[in-house]
Amino acid sequence: MTASNPLSSNPLLQDFDLPPYSAIRPEHVEPAIDQILADNRAAIAALLAERPAAPSWDALVQPLDELHARLGQAWSPVSHLNAVCNNPELRAAYEACLPKLSEYWTELGQNRALFDAYQGLASSPAAEGFEVVQTTILEHALRDFRLSGIDLPAAEQQRYGAIQMKLSELTSKFSNQLLDATQAWTKQVDDEAALAGLTDSAKAQMAQAAAAKNLDGWLISLEFPSYYAVMTYADDRALREEVYTAYCTRASDQGQNAGQHDNGPLMVEILDLRQELAKLLGFAHFSELSLATKMAESTAQVLSFLRDLAVRSKPFAVRDLEELKAFAAEQGCADLQSWDVGYYSEKLRQQRYSISQEQVRAWFPIDKVLTGLFAIVQQLYGIEIAELQGFDGWHPDVRLFEIKENGQHVGRFFFDLYARANKRGGAWMDGARDKRRSAQGELISPVANLVCNFTPAVGEQPALLTHDEVTTLFHEFGHGLHHLLTRVEQAGASGINGVAWDAVELPSQFMENWCWEPQGLALISGHFETGEPLPQDLLDKMLAAKNFQSGLMMVRQLEFSLFDFELHASHGDGRSVLEVLEGIRAEVAVLRPPAFNRFANSFAHIFAGGYAAGYYSYKWAEVLSADAFSKFEEDGVLNPATGRAFREAILARGGSQEPMLLFVDFRGREPSIDALLRHCGLSEEAA
């Protein structure tokens, strides 16, 4: 009698439609990835050994897409679970695979026979008859081979591989330490009077958090909804200072948990390795390497773009801060500090516009917002969205939806919307499965994961969103639509694949506009008890308050963008990370945070995400999105013809062509910065 093969029952090695989340265990992860990597290596070797005399897409690119789809099918749910249901066992399994995956991708990028095969295909007679998308995929593939060190001597190729492996380990560790540091600090409050000023919903949330840990009273945590509530509403200044200090010293050498989970040494190591990588590949610094795959043409262009915006915005930011300081002084706070800004800003907003984020929450119950969001995209893009039941999710709050067009299936997306323990902070979209045409001719439909960290429902009341949270939801859904509404059937350019990183935020920021349009707001708002639409006076106040402190917000984002770009462009000049940050603050910031602030230690976008030397992409793409939306302002914000035109030019075409070509195709010209400044109230006429 033979023992059964444990791999045969491994869910990650089965063929599935949607991932069997409840069946995936940490012990499945490494054996599955090991097996797939071994299979892929053998298949690639065989593929190259049997190379036909006349190169063809179907004999080279298609089989590689199949291999990578299988790897993606196994790895995507693991990576996703590590972000949304983190635990020590899963984390260990996930991290054990990172160096193996890094080694595999480096091997592929440095496989000379594979490179020669791609070059042969690109220069073959067959290539003359390729569609644009195929030509683009080949161009990107050859570029990526060069960026993987295909032209380097063997010893340097080896060093490249070692650097990539180490970077994957360090960036994951950065993310883990940030999550651990966020969860390492809580504050139990026994006396409700200490929470004076907080909204009932925030206090109910804190009581629920305390009860979940069998504690009395209320529990303040550093998860964003809890942190935001204290910084915006707590009358107790000492409490605000305590929570602010804990939040902005996470994973650092400062604060109550100083030295625990400290990301400081990791940041230096990551920057050293990125700089070494850039030099190996012949670039002056990592910022230059970063632009090799982006829309922006040079570091000088990026820096002048950011600094131009800063020069235009700073006078507005100075004015915003002077007004805030004067208002705070009237309220008895003569020395405005960082932990006072959110609190007095909210008070000033209420005084000036008689409106608060909390006040409008009642009009944005989650189901009404979703129904309205779906109605907007249905009208713009001609799609239908319906909720599905009876699927295997990773948490009871997770929901699944299907997109159809003319009754035909297009794709599906998961929503995981609420903050909870062991879930990474922030909001993001990731592709769970890419749209592609299989080797057998079957059209594989796309699947997306859309993740946010909103305030969950309390008691019998539904989850009620602030308008900021509504905007975040629309933003992530824009990314989701880019992934799901693609018409490209080749994996290398379908959805967001192959899209330059500084253009990838165009569809997401573009969707945010409907959160401010009266026609959009009419669809996404309705009082959670009565269903009444948002009253006209509240709508007027919201629109009047739209650009409240937009100067301050603009320079804050420019501070992050310039810091990131400068950090990667100047690493090795003798300045510490903190000194670079302080230098940028001296240039653009109008309010300097306290010396103990360690913002960089939690800047996961650039140290653990895809935004290294690319955070400027948010502002770059905001210019594109504001200008694209101005076409809807001209034609009607729910104009189906304009919606279809945007879908076909931008969403449908994924990474099949350069983003500027696609933008011009939609807009009829190159983008202008004017629409962004106008939308933010930072243009001359708004002064």
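Just so it is clear, the structure is predicted and the values come from calculations on it, not from any experiment.
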Centre-to-centre under 6.0 Å for Phe607 and Phe603, is that the case here?
no
Assess the side chains of Arg274 and Ser290: does a donor N or O sit below 3.5 Å from an acceptor N or O?
no
Could you tell me whether the side chain of Leu167 reaches within less than 4.5 Å of the side chain of Ile270, counting heavy atoms only?
yes
Taking every non-hydrogen atom, the tightest pair across Glu566 and Val580
CG-CG1, 3.8 Å
For Lys314, I'd like to know if atom NZ has over 12 heavy atoms of other residues, nucleotides or ligands within 6.0 Å.
yes
Any ion pair linking Glu559 and Arg556 (charged N to carboxylate O, less than 4.0 Å)?
no
CG (Leu266) and CZ (Phe174) are apart, to the nearest 0.5 Å, by 7.5 Å
I want to check something: taking the side chain as every heavy atom from C-beta on, are Leu543 and Pro518 in contact at a cut-off of under 4.5 Å?
yes
Does a donor on one side chain sit under 3.5 Å from an acceptor on the other, for Tyr616 and Asp502?
yes
Note: Ser354 and Lys541 closest approach over all heavy atoms is O-CD, 3.5 Å
Any donor-acceptor pair under 3.5 Å linking the side chain of Ser313 with the backbone of Ala310?
no
Taking it one step at a time, do His479 and His475 satisfy ring-ring contact (aromatic ring centres under 6.0 Å, His included)?
CA-CA 7 Å; His479 282 308; His475 179 103; 5.1 Å; yes
Can you check whether Ser226 reaches Gln205 side chain to side chain, under 4.5 Å on heavy atoms?
no
Considering only NZ, NE, NH1 and NH2 on the basic side and carboxylate oxygens on the acidic side, decide whether Glu322 and Lys325 come within less than 4.0 Å.
no
Can you find a pair of side-chain heavy atoms, one from Thr232 and one from Thr199, that are under 4.5 Å apart?
no
Under a 3.5 Å threshold, yes or no: a donor from one side chain and an acceptor from the other, between Glu512 and His679?
no
Look only at the side chain of Ser287 and the backbone of Phe565, and say whether a donor-acceptor pair between them is shorter than 3.5 Å.
yes
Relative to each other, are the rings of His568 and Phe286 parallel, tilted or perpendicular (30° and 60° limits)?
tilted
Starting at CH2 of Trp363, measure out to CG of Leu465 and round the result to the nearest 0.5 Å.
14.5 Å
Does some side-chain heavy atom of Glu670 sit less than 4.5 Å from a side-chain heavy atom of Met660?
yes
What one should report as the nearest heavy-atom pair of Arg143 and Ala292 is CD-O, 3.7 Å
Mind running salt bridge (charged side-chain N to carboxylate O under 4.0 Å, His left out) on Asp674 and Arg678 for me, showing each step along the way?
CA-CA 6 Å; Asp674 300 344; Arg678 179 169 51 80; over 6 Å; no
Sidechain-backbone polar pair: Thr471 side chain, His467 backbone, donor-acceptor under 3.5 Å
yes
With the threshold set at 4.0 Å, does a side-chain nitrogen-carboxylate oxygen contact exist between Glu346 and Arg349?
yes
Mind checking whether Phe474 and Asn513 have side chains closer than 4.5 Å, heavy atoms only?
no
Are any side-chain N or O atoms of Glu622 and backbone N or O atoms of Leu676, one a donor and one an acceptor, separated by less than 3.5 Å?
no
Parallel, tilted or perpendicular, as decided by the 30° and 60° cut-offs, for the rings of Phe224 and Tyr227
tilted
Compute whether any side-chain donor of one residue and acceptor of the other, for Thr642 and Asp635, lie under 3.5 angstrom apart.
yes
Check: Asn597 side chain, Pro593 main-chain N or O, donor-acceptor pair, under 3.5 Å:
no
Checking the side chain of Gln657 only, and the main-chain atoms of Leu662 only, is there a donor and an acceptor separated by less than 3.5 Å?
no
Taking all atoms of both residues into account, what is the closest heavy-atom pair of Met554 and Cys680, and its distance?
CE-SG, 4.1 Å
One should read off an interatomic distance between Leu581 CG and Ile584 CD1, to the nearest 0.5 angstrom, of 8.0 Å
Measure centre to centre between the rings of Phe560 and Tyr618, then say whether the value is under 6.0 Å.
no
OG1 on Thr299 to CZ on Phe283, rounded to 0.5 Å:
11.5 Å
State, with a plain yes or no, whether a side-chain heavy atom of Arg307 is found less than 4.5 Å away from one of Leu562.
yes
So, are Arg237 and Asp335 salt-bridged, with charged N and O less than 4.0 Å apart?
yes
Looking at Lys173, I'd like to know if its NZ atom is crowded, meaning that more than 12 non-hydrogen atoms belonging to other residues, nucleotides or ligands lie closer than 6.0 Å.
no
Any donor-acceptor pair under 3.5 Å linking the side-chain atoms of Ser508 with those of Glu505?
yes
Between Phe364 and Leu521, what is the shortest heavy-atom contact and its length?
CZ-CD2, 3.9 Å
Looking at Asn497 and Gly654, would you say the former's side chain and the latter's main chain have a donor-acceptor pair under 3.5 Å?
no
Once rounded to the nearest 0.5 Å, what's the spacing between atom CZ of Phe596 and atom OG of Ser338?
7.5 Å
Please check this pair: side chain of Trp620 against backbone of Gly614, looking for a donor-acceptor N/O pair closer than 3.5 Å.
no
Glu582/Arg585 salt bridge by N-O under 4.0 Å criterion
yes
Given 3.5 Å as the limit, does a donor-acceptor pair link the side chain of Gln177 with the main chain of Asp262, or not?
yes
Criterion side-chain contact (heavy atoms from CB on, under 4.5 Å) on Leu348 and Gln351, from CA distance to verdict
CA-CA 5 Å; Leu348 177 58; Gln351 186 202 65; 4.0 Å; yes
Return the minimal non-hydrogen interatomic distance between Ile524 and Leu373, and the atom names on each side.
CG2-N, 3.6 Å
With ring centroids as reference points, do Tyr611 and Trp501 lie under 6.0 angstrom apart?
yes
Tell me, do Asp340 and Arg240 make a side-chain contact under 4.5 Å, heavy atoms counted?
yes
Between Asp627 and Ala675 (side chain of the first, backbone of the second, donor and acceptor by atom type, cut-off under 3.5 Å), is there such a pair?
no
